[in-house]
Amino acid sequence: MKKISRLKLKHQILLIFLFPVIIFAVMEFYFYYSFFNLTQERAANYGNKSLNKRARR
């Protein structure tokens, strides 16, 4: 029984260390992805605006 509890403790420590790392990685990827999309949209909008201005002239 002692061996099982020791293994459980090791697993718990491993989970405690891995869980925040995984969450942090996922959050970072999500923020990077959303920021990338946002900048792409902004660039596309800016390009369209400049094209429209040129077309109006």
Side-chain angles (χ1 to χ4, degrees):
M1 289 299 276
K2 271 188 177 180
K3 204 175 186 183
I4 291 163
S5 64
R6 197 182 289 163
L7 198 77
K8 264 190 177 175
L9 190 71
K10 268 188 183 176
H11 280 194
Q12 279 181 343
I13 290 165
L14 201 73
L15 278 173
I16 287 163
F17 272 110
L18 279 178
F19 203 60
V21 171
I22 290 162
I23 288 171
F24 182 72
V26 169
M27 265 173 55
E28 192 134 300
F29 274 116
Y30 174 73
F31 278 124
Y32 177 76
Y33 183 71
S34 59
F35 181 72
F36 187 70
N37 277 357
L38 217 143
T39 46
Q40 265 194 337
E41 272 180 39
R42 199 180 287 159
N45 286 341
Y46 183 75
N48 287 340
K49 275 181 188 172
S50 61
L51 282 172
N52 286 341
K53 276 182 187 172
R54 274 187 211 149
R56 277 180 202 157
R57 279 183 194 171

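Side chains included, hydrogens not; waters and symmetry mates left out as well; all remaining heavy atoms used.
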Novice: Tabulate below the donor-acceptor pairs under 3.5 Å that side-chain atoms of residues 27-36 make, not counting sequence neighbours, or state none.
Specialist:
unit_1: S34; atom_1: OG; unit_2: Y30; atom_2: O; d: 3.2
unit_1: S34; atom_1: OG; unit_2: F31; atom_2: O; d: 2.9

Novice: Checking L38 now: which residues fulfil side-chain contact (heavy atoms from CB on, under 4.5 Å) with it, not counting sequence neighbours?
Specialist: R42
Novice: How about Q40 and N37: do any of their side-chain heavy atoms sit closer than 4.5 Å?
Specialist: yes
Novice: Please write out which residues are connected to I13 in a hydrophobic cluster, directly or through intermediates, given that two of Ile, Leu, Val, Met, Phe, Trp, Tyr count as joined at side-chain heavy-atom separations below 4.5 angstrom.
Specialist: L9, F17
